[in-house]
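I have placed the structure first, in the form of structure tokens, so that the comments after it can refer back to it.
Bear in mind the structure is a predicted one, so any value in this text is a computation, not a measurement. Every chain is numbered from 1, with letters handed out A, B, ... down the list of sequences.
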There are 2 protein chains.
Amino acid sequence: MSYANDMPTVEKVVRSDAGLASELRLSVMRLRRRLAVERHPDNELSINQMSVLGVLARRGAMSVGELATAERVQPPSMTRTVNCLEESGDVVKRPHETDRRQIVVEISEQGRGRVAADRDRRDAWLARCLLELTPAERAILRRAAPILDNLAQKD
Amino acid sequence: MSYANDMPTVEKVVRSDAGLASELRLSVMRLRRRLAVERHPDNELSINQMSVLGVLARRGAMSVGELATAERVQPPSMTRTVNCLEESGDVVKRPHETDRRQIVVEISEQGRGRVAADRDRRDAWLARCLLELTPAERAILRRAAPILDNLAQKD
DNA sequence: GTAACTCATTACCCGTGCTAACTATTCCTG
DNA sequence: CAGGAATAGTTAGCACGGGTAATGAGTTAC
């Protein structure tokens, strides 16, 4: 398995499997920290709120508990996030039709508009960085993203 | 550029470059959240503190400012982290030899012991997850990690 | 019909990032 | 060489976002 010809920019490669876990963990933490800083200034929603809004836009209305599971967060945390989104008018809460314990959260028209309007701009920084990479590097990240997400979903 | 033969497990691939930024961002955030939960219960140090300790173990003593830059954090944040590490006895602070404005932070024997003893265990969860991946997937992550770290270092 | 369970919430705590303002030191410049 | 600018670190204070524990409302099972 020779990759030498299509990785001109980044030479450093983590070799051992033991080290991979460490390196990957640190890389993910640093990049996340970097990303948290880069949100668009005229967007008053946090990255977590936008993430939840994105889930609702993609997968449709769901309960608070389902949202918490999807984002790998405890229910109280999601309650707070959802409350913020309701306050800003980006989601609406309504009771579940049959099970009145549950609260169904649905993205509002404003929220959907925000997602649509923001989609192109909110990733500006990362997208710009990605353009500076080589096509081969982008290809690696394109394949790595779903693997990372898979890891995040493991028990 | 055909990768089809070495990606059996994860089929989903982010296709557009615009979508890549979004997907990568969300994947990184979710995995980081997952990782934050997985720290070893009998380790009283946070993941950030362990990260700083790891940098000191790998690259040797450095100033607070250099540490802040390395971890992509503002100086006050690193001051607090270093103070915690000093309080737990994992680092020692000493004045810079020539420039007395600077404070040089050095890992202590206890800190080095903690890093060494912890190295095998602190990544247990991620390492275990990694073992469940195919060799091809691990190869992707092995190449992705430095790219992600590179992204985190961009302006 | 009551006990056990589930979903969401409230209250509270902690870690960790930030900015602004301050002190101490060093550097630069007239 | 004096004095202002620049740099390193710290302190203080704020915000966000995670967590657990406890509570209330609703459902399910016995």
| task | Between protein and nucleotides 16-26 of chain C, map the contacts as a letter string: B base, S sugar-phosphate only, - none, heavy atoms under 4.0 Å, written 5' to 3'. | result | BBBBB----BS
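The distance from atom CD of Glu71(A) to atom P of dG19(D) is 12 Å, rounded to the nearest whole Å. dG26(D) atom P lies 17 Å from atom CD of Glu97(A), rounded to whole Å. When the C1' atom of dA8(C) is taken as reference, atom CD of Glu66(A) falls 13 Å away, rounded to whole Å. Rounded to an integer number of Å, the gap from Met29(A) CE to dG18(D) C1' is 14 Å. Residue His96(A) contributes atom NE2, which lies 10 Å from atom P of dT27(D) at whole-angstrom precision. When the C1' atom of dT10(C) is taken as reference, atom CE of Met78(A) falls 17 Å away, rounded to whole Å. Rounded to whole angstrom, the span from the CZ atom of Arg30(B) across to the P atom of dG17(D) amounts to 15 Å. The CE atom of Met50(B) sits 16 Å away from the P atom of dG15(C) (whole-angstrom rounding).
Under the 3.5 Å distance criterion, the side-chain polar atoms of Ser51(A) are left unmatched by any main-chain donor or acceptor of Ile47(A).
Of the options Val105(B), Val115(B), Val82(B), a side chain to side chain contact (heavy atoms under 4.5 Å, CB included) to Leu56(B) is made by Val105(B) and by none of the others.
One finds no side-chain N or O of Ser63(B) lying less than 4.0 angstrom from the OP1 or OP2 phosphate oxygen of dA8(D). A close approach under 4.0 Å does not occur between any side-chain nitrogen or oxygen of Lys93(A) and OP1 or OP2 of dC7(C).
With sequence neighbours left out, Arg32(A) forms a salt bridge (charged side-chain N to carboxylate O under 4.0 Å, His left out) with no residue at all.
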| task | Apply side-chain contact (heavy atoms from CB on, under 4.5 Å) to the pair Leu45(A) and Leu85(A), showing each step before the final yes or no. | result | CA-CA 8 Å; Leu45(A) 264 49; Leu85(A) 287 172; 3.7 Å; yes
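Toward the 5' end of DNA chain D, the nearer of the two residues Val64(B) and Cys84(A), judged by each one's closest nucleotide, is Val64(B).
Screening residues 102-112 of chain A for salt bridge (charged side-chain N to carboxylate O under 4.0 Å, His left out), with sequence neighbours left out, gives Arg94(A)-Glu106(A).
Both Leu53(A) and Val55(A) belong to a common hydrophobic cluster when Ile, Leu, Val, Met, Phe, Trp and Tyr are linked at side-chain heavy-atom distances under 4.5 angstrom.
Counting only N and O atoms by type, the side chains of Ser46(A) and Asn48(A) include no donor and acceptor under 3.5 Å apart.
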